[in-house]
Structure formats: structure tokens, C-alpha cells
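Only one structure is covered here, and it is reproduced in the block below.
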Amino acid sequence: MGIRKRISLFQSGGALRRFPDSMSSQVRVRFAPSPTGMLHVGGARTALFNWLYARHTGGVFVLRIEDTDRARHVEEAVQVILDGMRWLGVGWDEGPEAGGNHGPYFQSQRGEIYERYLGKLREAGHVYQDEAGATRFRLPRQPVEFVDMVCGRNYVDRSKTTTPTGEPEADMTIRRPDGSWIFHFVNVVDDIEMEITHVIRGEDHLSNTPKHIELYRAFGVEPPRFAHIPLILNRDGSKMSKRDQGAGIGNYIEQGYVPEAVRNYLCLLGWSPKDDREKLDIEEVIRLFDPEKINRKAAQFDIEKCNWLNAQYIAAMEIEKFADAAIPWIEKAGIRFGSRDALLPVLALIKEKIKQLPEVPGWIGYFFTDEYPYELETVEKTLRKPGALDRLKQIADAYSMVESWDAAALESKLKETAVSLGCKPAEFIHPARVAVSGRGIGPSLYHMLEVLGKTRVLARFQGTIERFRA
RNA sequence: GACCCUAUCGUCCAGUGGCCUAGGACACUCCCCUUUCACGGGAGUAACACGGGUUCGAAUCCCGUUAGGGUCACCA
């Protein structure tokens, strides 16, 4: 369909040049967020796709901060972006805190470069100052055509563009009267200076692209390849805005999501490996990634599926890594678990049961205190049943004789006891579970008892009997 | 308003003229496993926006309509 076919954008030869001083074969992509105080999931995915393409091609991923609005202290806002990207595992090769040969990587520090480029336009007669003192770029108003790696061929007759009121489009402002720069100009200048070969960005820029191409032409530089990726929508199809729950990567960090899971989910929004796999190693994604295979349709963000992947990642975690991830949440909940060694067997018991890290404390509290609460409803359904406490006593007696305190022995002992007393195992299992944990649900009873240990189990059986005997 | 992009189950993807009585995943329902809860296994509900063409044949190509999104800024 001709997408791969390079079309000639320039009628006359002229002084077209492309990256005069470098080997031109290496892919250079960039993510150019403005520091707004959050890293939006849409932006995060844009960064991710750029990163994937760089990794796929062995290219370079540049991070550039578009802070032309030289507004107040953006330092924290920048940090939010850097933190979010690092958390996601999307690292940059050039940019803030990474350095590189194309810096500075903050637009607020690139004034001289912009002056220089403005000079070029001025010499060529492309700009003028309007009555208000702003610098404007004389729009060529020629047809513009380009082939987008995602959206395909785009043709726009720039002589026909109008304002909302139907007037012809005004010449583009590139510098405000106060000397500050406008996005379109600095964006193009930076992409030229940073030798960006592929611009992968949100679809909201698709309609801006002809404008940018006009600028490239004015500079006599061949534009990079463009790939406009569709936007991310809310679950109800509305546009995801900054305020929407889950719109910021910060939310996922705070809620204890597994970064690899979120990254995996983001990969799957608008892209797929073309087979039925959902959980994919990032290396595999890098291997398969192709911008031309990105969907053209805006995708709705489905937190349910993200949650599912999160649970998949947790279930697949090594126990040590799971402990690393869970411990902050356990500490935050005020659970004093003593040593890591004491914690690991407990975590092993519940790892497959939980879907989110913040759930962990709720599952393990009773392992580390004897002051665990009893769920009222569960108590009613089990311990208050006629004979329940008697059976608890019977199993306690039976267990007091057990010498090798392991799950298998405990299971056979319980079943044996049930049979000898003419009861169903369940009539012992449920009271026993509630007695040692206060809860109706939890890990496998026998494994739980094993980890708890004989002394504590027998004490809890006894304590529960006394407590509810009254 | 003009211009641009998009249109397959509720959602995310597969599908590039015949393999489609449209496939997978999430969610939902049911069953099995488990005498807890999950996991897992099995089954089920559910879609080609609409209307015209082109073709022996269309989810796939073309046109129109409708719907959604985007851009037209001294915001990025």
C-alpha cells in the first residue's frame, strides 16, 4: 500500500541536506514531554513506543523536556516524568541526567540555538514581525504530502486551511513579543538539531504535521519520518484527560502495580504480537515491534485487563522479588514481621492469591500477631454451629500428638480424626481455619498450620475455645 | 465551520477478496478441580456502524451517510 515507499516531498533539488555531520543510518527517536506535573498514560505509551523502536533498531532514544513556557519551578514536574519513565523501565540514552552530544535537553536552555535558526529563516525572508511584535512565519500555503508510518498517506492543500470562522489561516507565530518561543518552531528546530530520524508522537499532532513540514522545507531540511499513534481514551470512550483516575503513571506507582505489567499492558494498547499472546517479555516485544503495525484506532484504557496482567506478573514472580515488592506495603500497614526469613514462607502461601500488592497485609496479619480479629459473620457460620467447639477440641487433641508438623501429616491426621468420629473433614477444617486466623478464607489450611507452627496452632485452638465457650 | 484521522464482541487485539457459520484475551455466566478463597481446566453470552457499489465471491476494495477523535493558538 505504498506506505514503505518513500515519496519525494520536494519538487526542486536545492540545498536539501540531511544530518550533515553524522552517519545517517542510526535511528534516533525522542520523547518530548512538557512538564505538567504528571506523566500521562498516553505520554507514557508514546515514550514506550519510541523506546521500543529505538531498541528494536539499535537506535538512540532521546528525552527532551519542552519547557518553553519558562513558567515557575518545573523541577518537580520534570522529576515526575523522569521517575515515571524509570519506573516503567523506559530509559533514555540522551537527555536529562543522561547527557549526550545534542544537549542541552531542556528547551528553556536552548535559546541560542533558536536564535540561530530564526536567523536562517529571517535571511531567507520567511519571517516577519507583526504589529504586536510577535515573530511570524510566512506560511508557504502549498500542498503538503507525507506518508505516516501509522496513518499512511496524508495530503493537505495548505492554501485552503482556514480558521474556525472561515478566514484563511494566519501566518504561524513562532515567537511571542516577550521573546519566548512557540512549540511548533522549537519542536522542529530541536528535532533537526538532535538529528531525529523518526517522530513517533500522539495523533493529536497529525494535523500539525503539515505545518512542521513547511518549517522543515523553509530550513531546507528533509523532514523525519512520522508515526502518529492513536490516543488513549477512557473506558467510556471519552478522551482521557489529566484529571481522570488512572490517567497518570503516578497512580500506578502509588497503587503498587508491577511496572512490567503496566508496561506490558501499554504495549498491547494499539499494538499486538499478531498471535494470541498477551503476557510478553519485553525482549519479545522489542524483537517484534514495528511502528507500521500500530493500530490506527484510538484505544480505550481498560483497567480490568491491566489488573489481570498485574496479577499474572505477581503470580509469576520469584518469591524473593515478590518479597521485595510486598515488604513496603507490609511495613506501611504496620505489621511487624520480624525477619525476612520469617516472612518468606508466609508470602509463599499467599502469593498466588493476591492480585494487587496492597492486598498483601490483609492476608498475612494473623501470622504475626495473636491479637487477630475474628470476622463476625464467619464466626457465626462456623464456631457458633452446634458442636463446632467440641470438634475444635478434638482436632486440637489429635494435633497435639502429631510429631512431624508438616502439611501432609496435618492433612492425613485431620481426615483420620474426622473418619474416626464419623464427621466430614469440612466440619473440622472450617473451625480450625477460623480459630487460627479469625477468617473464613485464606491459604490452604494445612500449609497455613505448618507455617504457623505447632505451638501457636495449639495455643490458638485453645484460646478460641475458651473465648467462644462463654 | 473547514480540513485530517478512525470505525470487528461491553473492552483490547487477530483478520489485508474465498481458510470467517469471524479467532484470542479481559470482564460476565455456568460447570469441573478444590470440603475456604484464589489459580487452573472446560463451556457459554457477545461484534464486522449504516447504505450503495466493484467482484463469481467482501469484515477485507471504492463511494456516500452516520458516529467518534484530532487540528485550525502568542498550550505543548
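Lettering of chains follows the sequences in order, A, B, ..., and the numbering in each one begins at 1.
Heavy-atom nearest nucleotides on RNA chain B were determined for Glu352(A) and for Asp130(A), and the one closer to the 5' end corresponds to Glu352(A). Toward the 5' end of RNA chain B, the nearer of the two residues Thr165(A) and Ser444(A), judged by each one's closest nucleotide, is Thr165(A).
Distance from the side chain of Asp276(A) is smallest to G24(B) among G24(B), U6(B), U71(B). Closest contact between the side chain of Leu231(A) and the listed nucleotides G69(B), A14(B), A38(B) involves G69(B). Closest contact between the side chain of Glu278(A) and the listed nucleotides G24(B), C4(B), C74(B) involves G24(B). Here the side chain of Lys297(A) is nearest to one of A7(B), C37(B), C74(B), namely A7(B). Of the candidate nucleotides U36(B), A76(B), G40(B), G40(B) has the atom nearest to the side chain of Gln312(A). The Ile441(A) side chain lies nearest to C37(B) when the options are C37(B), C4(B), G69(B). Distances were taken from every side-chain heavy atom of Ser272(A) (C-beta onward) to each of A76(B), C13(B), U36(B); the shortest belongs to C13(B). Distance from the side chain of Arg136(A) is smallest for C74(B) among the nucleotides C74(B), C72(B), C13(B).
Rounded to a whole angstrom, the distance from the C1' atom of C26(B) to that of G70(B) is 28 Å. Taking atom P in both G44(B) and G24(B), one finds a spacing of 10 Å when rounded to whole Å. Across the C1' atoms, U55(B) and A49(B) are found 23 Å apart, a figure rounded to whole Å. Across U16(B) and A22(B), the matching P atoms stand 16 Å from one another, rounded to whole Å. The same atom, P, is picked in G68(B) and in C30(B); the two are 36 Å apart, to the nearest Å. A gap of 40 Å separates the P atoms of G18(B) and G1(B), to the nearest Å. Rounded to whole Å, the separation between the P atoms of C4(B) and A43(B) comes to 48 Å. When the C1' atom is compared between A25(B) and C63(B), the two are found 35 Å apart, to the nearest whole Å.
Contacts of Gly270(A) with the nucleic acid, taken as non-hydrogen atoms under 4.0 Å apart, involve only primed sugar atoms and P, OP1 or OP2. Within the nucleic acid shown, Gly442(A) comes within 4.0 Å of at least one base atom, counting heavy atoms only. Here Asn208(A) lies in heavy-atom contact (under 4.0 Å) with a base. Within 4.0 Å (heavy atoms only), Pro443(A) reaches at least one base atom of the nucleic acid. Heavy atoms of Thr162(A) sit under 4.0 angstrom from at least one base atom. When heavy atoms are screened at a 4.0 angstrom cut-off, Glu359(A) is found touching no nucleic acid atom at all. If you check every strand for non-hydrogen atoms under 4.0 Å, Asn295(A) touches sugar and phosphate atoms only. Note on His205(A): a base of the nucleic acid sits closer than 4.0 angstrom, heavy atoms only. Within 4.0 Å (heavy atoms only), Ala132(A) reaches at least one base atom of the nucleic acid. Across all strands shown, Pro33(A) has no heavy atoms under 4.0 Å from either base or sugar-phosphate atoms.
Salt bridge status for Lys385(A) with Glu427(A): absent, with no side-chain N to carboxylate O gap under 4.0 Å. In this structure, Arg175(A) pairs ionically with Glu115(A), as a charged nitrogen and a carboxylate oxygen lie closer than 4.0 Å. A salt bridge links Arg116(A) and Glu193(A); the closest N-O separation between the charged side-chain nitrogens and carboxylate oxygens is under 4.0 Å. The existence of a salt bridge linking Glu260(A) and Arg263(A) is excluded, since no basic side-chain nitrogen approaches an acidic carboxylate oxygen closer than 4.0 Å. Between Glu66(A) and Arg110(A) there is no salt bridge, since no side-chain N of the basic residue sits under 4.0 Å from a carboxylate O of the acidic one.
Applying side chain to side chain donor-acceptor pair (under 3.5 Å) to Asp171(A) and the options Arg138(A), Arg141(A), Arg136(A) leaves one that passes, Arg141(A).
Going from atom CD of Glu375(A) over to atom P of C37(B) covers 13 Å, rounded to whole Å. When the P atom of U71(B) is taken as reference, atom CE of Met172(A) falls 16 Å away, rounded to whole Å. Taking atom CG on Asp275(A) and atom P on G15(B), their separation rounds to 10 Å, with Å as the unit. Computed from coordinates, the Arg64(A) CZ to A76(B) C1' distance equals 11 Å when rounded to whole Å. Remark: P of U34(B) and NE2 of His430(A) are 14 Å apart, rounded to the nearest angstrom.
Nucleotide C20(B) forms no Watson-Crick or G-U wobble pair with any nucleotide shown, as no partner meets the under 3.5 Å limit on both distances. Pair check for A2(B) finds U71(B); Watson-Crick or G-U wobble, both atom distances under 3.5 Å. When both pairing distances are held under 3.5 Å, C48(B) makes no Watson-Crick or G-U pair with any nucleotide shown. In this entry A38(B) has no Watson-Crick or G-U wobble partner, no candidate having both defining distances under 3.5 Å. Using Watson-Crick or G-U wobble geometry with both donor-acceptor distances under 3.5 Å, A43(B) finds its partner in U29(B).
Within the structure, a side-chain polar atom (N or O) of Lys274(A) is placed less than 4.0 Å from OP1 or OP2 of G15(B). Proximity of Lys353(A) to the phosphate of U36(B): no side-chain N or O atom is located under 4.0 Å from OP1 or OP2. Between U6(B) and Arg296(A), a contact under 4.0 Å exists linking OP1 or OP2 to a side-chain N or O. At the phosphate of C5(B), neither OP1 nor OP2 sits under 4.0 Å from any side-chain N or O atom of Ser207(A).
In this structure, the ring of Tyr114(A) has its center less than 6.0 angstrom from the ring center of Trp181(A). Aromatic pair Phe137(A)/Phe185(A): centroids not less than 6.0 angstrom apart.
Both tests pass for Lys279(A) against the ring of Tyr313(A): distance under 6.0 Å to the centre and angle within 45° of the axis.
Residues Phe461(A) and Pro431(A) form no side-chain contact, since every pair of their non-hydrogen atoms from C-beta on lies 4.5 Å or further apart.
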* **Nucleotide-resolved protein contact map, nucleotides 27-33 of chain B, B/S/- at heavy-atom distance under 4.0 Å** => S------
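With sequence neighbours excluded, the residues that form a salt bridge (charged side-chain N to carboxylate O under 4.0 Å, His left out) with Asp302(A) are Arg235(A).
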